[in-house]
Amino acid sequence: PEHHVGASGDMGHPVSLAEAAKAAAEFVSPAAALWYARHCTVSGSPAEMRDALMRLRAAGVDRVTLSAAPGATEELVDVLGGQVLPGLAG
């Protein structure tokens with residue numbers, strides 16, 4: 001079937017933190033799903049993404065994987081390159 005970003009149960013490309021937790025709750029407790037979404041993913045505004053990446057760097061993470069919804073890759077790269085990554089320099 002055709003993939004629809006943010007479709008019910010779409011764990012790979014949820015449209016929000018709440019939707020990510022809701023989709024994962026089918027497999028784990030809601031508390032565990034929310035913990036995972038908050039601590040193991042990077043999402044939100046450019047400032048929130050920058051803060052999350054800084055926390056990961058402080059925890060010793062030196063590499064992340066970029067995953068975007070189909071059709072959103074160029075926009076995500078533009079935001080990361082223009083608004084998120086420059087704030088991480090230094």
Side-chain angles (χ1 to χ4, degrees):
E2 186 177 341
H3 177 83
H4 296 284
V5 175
S8 177
D10 180 3
M11 291 178 57
H13 306 98
V15 297
S16 68
L17 185 60
E19 285 299 316
K22 180 179 173 184
E26 179 179 344
F27 306 102
V28 297
S29 72
L34 190 54
W35 181 92
Y36 181 85
R38 285 187 173 150
H39 294 91
C40 299
T41 66
V42 175
S43 61
S45 70
E48 291 168 327
M49 293 170 66
R50 189 171 41 256
D51 291 346
L53 290 169
M54 290 172 73
R55 283 192 303 275
L56 289 170
R57 180 169 61 186
V61 173
D62 63 0
R63 189 173 299 170
V64 296
T65 301
L66 174 63
S67 177
T73 303
E74 186 174 328
E75 179 184 359
L76 179 58
V77 169
D78 288 345
V79 169
L80 285 172
Q83 300 177 45
V84 176
L85 298 179
L88 297 176

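Note that the structure is predicted; figures quoted are calculated from it, not measured. Every heavy atom of this structure was used, including side-chain atoms; hydrogens, water molecules and symmetry mates were not.
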Next item on the list: Can you see which heavy atom on Met49 is nearest to which on Gly44, and at what distance?
Entry: SD-O, 3.5 Å
Next item on the list: Have a look at Leu56 and tell me which of Asp62, Asp51, Val42 forms a side-chain contact (heavy atoms from CB on, under 4.5 Å) with it.
Entry: Val42
Next item on the list: Of all the heavy-atom pairs spanning Val84 and Arg50, show the shortest one and how long it is.
Entry: O-CD, 3.7 Å
Checklist line | Partners meeting side-chain hydrogen bond (donor to acceptor under 3.5 Å, both in side chains) with Glu48 (sequence neighbours left out) | finding: Ser45
Note to self: Which residues pass the side-chain contact (heavy atoms from CB on, under 4.5 Å) test with Pro86, not counting sequence neighbours?
What the structure shows: none
